[in-house]
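Okay, so here's the structure we're looking at.
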Amino acid sequence: MDVSHIFEQLNEAQRSAVASEPGPLLVLAGAGSGKTRVLTYRVAWLVQVRNVSPLSILAVTFTNKAAQEMRGRIEGILGYPVGGMWMGTFHGIAHRLLRAHWREAGLAQGFQILDSDDQLRLVRRSLKQLNLDEGFWPPKSVQWFINAHKEEGRRPEGIPESQDAQQRELLRIYKTYEELCQRFALVDFAELLLRAFELVKHNELLRDRYQQRFRHLLVDEFQDTNAIQYEWLRLLAGQQRNIFVVGDDDQSIYAWRGARVENILQFEKDFPGTTVLRLEQNYRSSGTILEAANAVIDHNRGRLGKRLWTADEAGEPLRRYAAYNDIDEARFVVDRIQSWVDAGNLRSEAAVLYRSNAQSRVFEEVLLNAGMPYRVYGGLRFFERAEIKDALAYLRLITSRQDDPSFERIVNMPTRGIGNKTLDQVREHARINQTALWESALAQIHSHQLTKRSALALGKFIDLINALATDTQGLPLADRVDVVLQRSGLLQHYRKEKGEKAEARVENLEELINAGRNFDHDIDDDGDALASFLAHAALEAGDAQAEEWEDCVQLMSLHSAKGLEFPLVFLTGMEEGLFPHQRSLQEPGRLEEERRLCYVGMTRAMRQLYVTHAEVRRLHGRESYTSPSRFLGEIPKQLVDEVRSGFTLRPAVEAEAAAGGSGDADGMRLGDRVHHRKFGDGVVLSIEGRGQYTRVQVNFETGGSKWLVLAYANLDVL
DNA sequence: GGGTTAACCTTTTTT
DNA sequence: AGGTTAACCC
């Protein structure tokens, strides 16, 4: 077999990973070292060289995006589709297992998935059922408590009785919540993983079967696995131990939601004889950027040890800008992006990164003013919008009548005369008889315990759902969605509402029909299209904004930037209390995670990296004075150029500029009048950088201020 | 049943 | 501040 087409694309270390013998393998892959490449080529290697059937490969990632990308790249190398290969997120694969073995897993056949929003509602309901006050038991913390235990694999029964009364009460809520989930045939995200784990742990037959089936396991972003995911992997790896994991301890930024970096260390212990390989050559960033990032991450203790290097040249220095306030910071960033675009680059090559999503607003305002197209990642996503969740609730109730949260959501949406009083009666009946609302409603109608009017309204709702279920059965998915939207009155309800928001809602609902149409086309399993669609909606909430083809500036949090790269990166809001975040300052562990986050941010940059902070920042409606982030101090000074706007230039640079620097600045001074062939006459506002990278900001009489690279601009001093 | 007001909360995010 | 949600009134 000629494997040159595989090997040609890889360096030495990557090759040894890709072509390693079967058995446990741990690849410590630094940022930009070709991690995804190694994974994809490993699969290609197994299939083409080792003649492994794609059917016996299981590849796991954390995000749907990563899974899709990997599948695409593998198919690109192989030249044919590998539909039979199990490849997806932990949650997606767990879901698939549970659908196939719902009985063994102790679930109802039509079980539905709770997203975190739904979960919070159900927590609230559990509190209500126990007569607990939300003020004293914040639903968010309860949700947190439940998820943390599930992620560690602990059921309520497995948690030892605590001396602490509060702990005992939390446990009682956890128990109630679980009962409700079971009664309503609902499974939350953590539960998907836990059930799938318990399924293979307790069911020997199934365990054997899947160990036989999955001869080769591959895991991406291994540092992000939590306890239960890791245990599940260990079970599946079985005696064959063909498990290939790739990760980077320096990029572990999800410990706050249960990820365990320690799994990397544990791996070698649990799989004796593990081959450990390091990928340390970076193909992404310039030497300077890499050196700066390395210097920062060096301040962390307890690293596995790894030092990225690059064959690339040093490139440009980092640039640091101290803004007066957050608005000034945003203006500076947008100004620099404008120059970048003026120099013939793409807007989409520029990324603005921040610690918390709230910071995006100021940037959006300034970008909007500048008329520069942008795209914000994060925020409300398609399947999380209220109107979409309404529509989905109808579809879910059609699929599973026990789904109480869906029932509650739409029983009076749009309003159909079923008020709180009626509902309270139904709820009470359901509580006493421990049934779902649906059955309770039926019983109440038949036992004539409701007023005539209520019974009639409720009966109409019941009939509607039943009719929607039977009448649309067998129809193509998109048509089913369409009919439901029409006959439920949802579409009409939003149509008669006025305002831009309502219009957007109608559009979204129409888009949902479209989504159904597209989904129908590439449905892979034989099962019920509607059920798969609902699972898809829960597991893959979709993007915040539809895929835009327009060339856009990219705005996102540091967390969502992981795995991406951009030629031009702005790391903004580098201030103590914001980044590192206030709530991370107490614990050293948290602080190290913040530093890793900083490292992740810096290593996104390929050619230019700006770090900015504001002296004054408006946050939660209050203005506060800030001090620069400690991380800024951890970047070696000689790698950074300080940028000052206006006439306040750093003395050293000013002197250099005044003296003609190393001849580069052409004796140009601040305030000099200059002439440019295209832009005409203007005044020099600032000078920055050294050598071939010297740039000047010129305020032109026509066309405003522009940043120009001195070496190319051909400016004449007047 | 719909609209208005008061209270609340606020890290990061995927699933 | 801003946005959401729960409580409240017509």
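Source: prediction; values computed, not measured. In what follows, chains are A, B, ... by sequence order, proteins preceding strands, each numbered from 1.
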## Note on the structure
With B for base contact, S for sugar-phosphate-only contact and - for none (protein heavy atoms under 4.0 Å), nucleotides 10-15 of chain B reads BBBBBB
### Task
Sugar-phosphate means primed atoms, P, OP1 and OP2; the rest is base. With that split, encode nucleotides 2-10 of chain C 5' to 3' as B, S or - using protein heavy atoms under 4.0 Å.
S--------
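- Looking at A:D390 and A:R505, no side-chain N of the basic residue comes within less than 4.0 Å of a carboxylate O on the acidic one, giving no salt bridge.
- Judged by distance alone, the side chains of A:S584 and A:E594 do bring a donor and an acceptor atom under 3.5 Å apart.
- No salt bridge links A:E408 with A:R121; every basic N to acidic carboxylate O contact stays at or beyond 4.0 Å.
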Return a table of donor-acceptor pairs under 3.5 angstrom between the side chains of residues 450-457 of chain A and protein atoms on other chains or two or more places apart.
| unit_1 | atom_1 | unit_2 | atom_2 | d |
| --- | --- | --- | --- | --- |
| A:T451 | OG1 | A:S454 | N | 3.3 |
| A:T451 | OG1 | A:S454 | OG | 2.8 |
| A:S454 | OG | A:T422 | OG1 | 3.2 |

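- In terms of the salt bridge (Lys or Arg N to Asp or Glu O under 4.0 Å) criterion, residue partners of A:R303 (sequence neighbours excluded) are, by chain and number, A:D250, A:D298.
- Taking the charged nitrogens against the carboxylate oxygens, A:E540 and A:R381 have no contact shorter than 4.0 Å, which rules out a salt bridge.
- Heavy-atom distances under 4.0 Å link DNA chain B to no residue of residues 218-229 of chain A.
- Within the nucleic acid shown, A:R596 has no heavy atom closer than 4.0 Å to any nucleic acid atom.
- Other residues, nucleotides and ligands contribute only 12 or fewer heavy atoms inside 6.0 Å of the CD atom of A:Q492.
- Ring geometry, A:Y174 versus A:H149: the interplanar angle falls under 30°, so the pair is classed parallel (tilted spans 30 to 60°).
- The pair A:E428-A:R431 counts as a salt bridge, with a side-chain nitrogen and a carboxylate oxygen less than 4.0 angstrom apart.
- Here A:E69 pairs with A:R73 under the side chain to side chain donor-acceptor pair (under 3.5 Å) rule; sequence neighbours left out.
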